[in-house]
Number of protein chains: 2
Amino acid sequence: MDLRQLRYFCAVVREGHFGRAAASLGIAQPPLSRQIQSLERRLGVELLHRTQKKFEVTQAGLLLYERARRLLDGADQAVDDVRRLGSGETGRLTVGFAPSNAFTLLPPIVARFRSAYPDVELELRQLTTSILVTSLESGSLDVALLRPPLSSRSLQIVTLIREPFLALVPSTHRLAARSDMQLRQFAGEPFVMYSRVGLPLLHARVMDMCRRAHFSPHIVQYAEQIHTVAGFVAAGIGVAVAPSTVTRFNMPGLRVLQIAENPAPLAMAMAWRTGTATGLVRNFTRIAREATSAWQAAQRAESA
Amino acid sequence: MDLRQLRYFCAVVREGHFGRAAASLGIAQPPLSRQIQSLERRLGVELLHRTQKKFEVTQAGLLLYERARRLLDGADQAVDDVRRLGSGETGRLTVGFAPSNAFTLLPPIVARFRSAYPDVELELRQLTTSILVTSLESGSLDVALLRPPLSSRSLQIVTLIREPFLALVPSTHRLAARSDMQLRQFAGEPFVMYSRVGLPLLHARVMDMCRRAHFSPHIVQYAEQIHTVAGFVAAGIGVAVAPSTVTRFNMPGLRVLQIAENPAPLAMAMAWRTGTATGLVRNFTRIAREATSAWQAAQRAESA
DNA sequence: ATTGTCGATACCCGAAAGGTATTGAAGGCC
DNA sequence: GGCCTTCAATACCTTTCGGGTATCGACAAT
């Protein structure tokens with residue numbers, strides 16, 4: 001069976017006239033006549049009963065017309081659906097994210113993606129970074145938001161955002177009037193530190209910074225969340241180091257200083273399996289980049 | 001959309017291997033590769049993700065595979081159904097018949113047709129000859145069993161059976177010992193005649209025969225059915241003229257004689273609209289001819 | 001390192017689809 | 001009733017496209 005011939009035949013039946021049908025198909029009349037004849041020969045059935053100059057559709061022709069229309073519609077529908085699935089306008093996308101994103105980058109990204117691709121089923125899973133990586137590699141996740149560094153040859157990584165680390169002191173602190181400081185000036189100071197289990201990456205990064213500055217922080221308080229750390233500092237319990245997100249909190253009693261050593265910023269990245277050229281992932285990563293830019297712009301506008 | 005490409009694509013997915021798929025399709029591998037590429041280009045979607053030497057079917061490819069299989073099955077089914085309808089193996093056939101057939105030719109024809117074409121919906125309508133003709137012409141009947149003559153340019157007529165007319169006399173009649181007679185010997189004889197309203201054609205035919213033999217029959221009795229006429233003659237009520245079917249009755253007291261004038265036999269014919277080349281009608285007329293021959297053979301065997 | 005396997009590419013050929021010009025037949029118009 | 005129009009079919013040509021053979025390039029197994 002050839003769909004072209006079915007399309008031609010349907011046009012002839014619909015128009016009731018070879019000339020008009022040919023015009024509507026954008027071809028000349030003779031080839032149309034020939035295609036219909038060929039179709040009849042192949043089926044071995046008279047579809048149009050030619051009765052001097054005019055023709056009438058036979059019973060078999062009518063049956064074929066019905067079936068052909070359904071087939072053509074089905075084919076169009078199939079093409080459309082496959083195109084949409086291929087281009088990532090539809091389908092199912094499983095996104096993993098580290099807990100640190102749950103209240104920051106994830107919401108704007110998801111919101112933007114949902115409005116851009118309402119027909120995509122988006123499944124979100126909050127997981128730890130190590131599980132995110134293995135899930136990506138095994139294919140149970142399509143894309144993930146996590147903190148670098150991560151070493152996997154099979155994954156593609158794009159950094160979305162880099163937050164410089166800042167020093168936090170109470171406004172009553174001796175450094176409160178300055179705009180920057182050296183990290184080693186925190187040696188011996190009462191230090192508010194991130195929980196090793198709740199925020200392992202921040203804990204490790206800050207501990208590492210202190211080590212590089214040749215001191216071990218005098219920890220007086222642990223906290224489970226970044227804004228809790230900021231709160232403790234504002235309350236005068238001690239000093240701390242935090243990613244620049246803290247400037248959003250605008251807490252009274254809190255002073256924020258640049259760190260002269262300029263430690264490597266805290267990055268947030270997006271990862272997916274290399275070779276996953278599926279439109280869904282392509283679209284998601286694009287949207288994520290857009291949403292991140294927009295979110296950063298909004299942040300800047302807010303703090304200004 | 002091109003069904004050929006869908007068929008090729010399904011083969012590749014099914015076999016999981018271009019070479020084997022090509023073999024199963026009866027083509028070489030290179031054109032198959034090209035057709036798949038062309039399909040992907042047309043859809044703008046990666047259906048098979050080529051990963052060094054091997055490939056895996058993408059989500060879009062899987063969706064297309066499902067849809068394509070349904071489309072191909074649908075197309076095959078449509079072709080089959082149209083072929084069957086066109087060849088008259090299926091469909092609906094409306095057959096009209098004159099009352100005189102109801103108990104003679106019609107049953108064997110219908111029985112034979114039903115067993116040969118069990119999927120054809122057969123609609124039977126008993127009508128008068130004039131209504132049969134107009135119904136055929138208007139298209140509300142596909143084919144009819146009726147008595148000639150009938151004059152219609154648009155109808156095709158085939159005579160199925162010709163029954164010679166015979167003379168009937170009681171076994172006590174002066175002619176009973178003879179094997180033939182001249183119709184005018186019935187002049188003045190008490191005559192059993194067919195009802196003008198119940199059997200108009202037989203009435204007309206016999207009256208005409210008498211007129212041609214230059215006498216007007218002395219009618220003493222009318223009858224509504226052929227076998228009633230035979231019964232009346234057997235009972236000694238009078239003489240009669242009847243089609244040769246009467247020999248089937250084998251009535252005691254009834255003698256059957258050839259008519260020397262050899263009047264035109266009583267024919268039964270089959271008619272359909274010229275140009276109705278539909279397989280249904282073709283098949284029905286063929287079956288009708290076959291059934292008639294078989295029926296006649298059976299008749300001869302019975303009377304012998 | 002070598003060979004075999006698999007899909008892709010290059011190039012050629014024949015079939016088939018589309019176009020133009022024309023025919024033949026039927027229907028409409030005066 | 002003759003003439004013109006209309007419509008599908010036919011004849012013939014051109015171009016496109018599907019299929020075939022030979023070969024490549026890359027990976028895998030030995």
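In this text, all values refer to a predicted model and were calculated from it rather than measured experimentally. Order of the sequence lines fixes the chain letters, A, B, ..., with proteins taken first and strands second; residue numbering starts at 1 for each chain.
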Quiz item: What parts of residues 1-22 of chain A reach DNA chain D, counting only heavy atoms under 4.0 Å away?
Solution: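 Those residues whose heavy atoms fall under 4.0 Å from DNA chain D, taken from residues 1-22 of chain A in numerical order, are A:H17, A:F18, A:G19.
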Quiz item: Within the structure, does a side-chain N or O atom of B:R50 lie under 4.0 Å from either OP1 or OP2 of C:dA8?
Solution: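 Yes, within the criterion.
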Quiz item: Within the pair B:S33 and C:dG7, is there a side-chain N or O less than 4.0 Å away from OP1 or OP2?
Solution: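 Checking B:S33 against C:dG7: no side-chain N or O falls below 4.0 Å of OP1 or OP2.
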Quiz item: Cut-off 3.5 Å, side chains only: do B:Q29 and B:S33 have a donor facing an acceptor?
Solution: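 Looking only at side-chain atoms, B:S33 and B:Q29 do form a donor-acceptor pair, the distance falling under 3.5 Å.
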In whole angstrom, what separates [X]'s [atom1] from [N]'s [atom2]?
X	N	atom1	atom2	answer
B:E56	C:dG7	CD	P	14 Å
A:L39	C:dA17	CG	P	11 Å
A:E40	D:dA9	CD	C1'	13 Å
B:L32	C:dT9	CG	C1'	15 Å
B:I27	C:dG7	CD1	P	13 Å
A:Q29	C:dT23	CD	C1'	12 Å
B:K54	D:dA26	NZ	C1'	14 Å
B:Q35	C:dA8	CD	C1'	14 Å

Self-check item: B:R147 side-chain N/O to B:L266 backbone N/O, donor-acceptor pair under 3.5 Å
Solution: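 No, the answer is negative, given that no donor and acceptor are paired below the 3.5 Å cut-off.
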Expected list for residues 135-144 of chain B: side-chain donor-acceptor pairs under 3.5 angstrom, two or more places apart:
residue : atom : partner : partner atom : Å
B:S135  : OG   : B:I131  : O            : 2.8
B:E137  : OE2  : B:S152  : OG           : 2.4
B:S138  : OG   : B:T134  : O            : 3.4
B:S138  : OG   : B:S135  : O            : 3.1
B:S138  : OG   : B:S140  : N            : 3.4
B:S138  : OG   : B:S140  : OG           : 3.3
B:S140  : OG   : B:S135  : O            : 3.4
B:D142  : OD2  : B:T94   : N            : 2.8

Quiz prompt | Ring centers of B:Y117, B:F284 separated by less than 6.0 Å | solution =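 No, they do not, as the ring centres are separated by 6.0 Å or more.
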Quiz item: With no angle test and no hydrogens, is the base of D:dG19 tied to the side chain of B:R34 by a donor-acceptor pair under 3.5 Å?
Solution: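 Counting by modelled atom types and ignoring angles, a donor-acceptor contact under 3.5 Å is found here.
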Quiz item: If you take atom types as modelled and just measure distance, does the side chain of B:Q37 reach the base of C:dA8 with a donor-acceptor pair under 3.5 Å?
Solution: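 Counting by modelled atom types and ignoring angles, no donor-acceptor contact under 3.5 Å is found here.
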Quiz item: Any salt bridge between B:R42 and B:E40, counting N to O under 4.0 Å?
Solution: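 Answer for the salt bridge query: no.
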Quiz prompt | salt bridge (charged side-chain N to carboxylate O under 4.0 Å, His left out) pairs, two or more places apart, involving residues 66-75 of chain A | solution =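 The answer is A:R67-B:D81.
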Quiz item: Hey, are the side chains of B:M1 and B:L39 touching, using non-hydrogen atoms and a 4.5 Å cut-off?
Solution: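 Heavy-atom side-chain distance check passes, below 4.5 Å.
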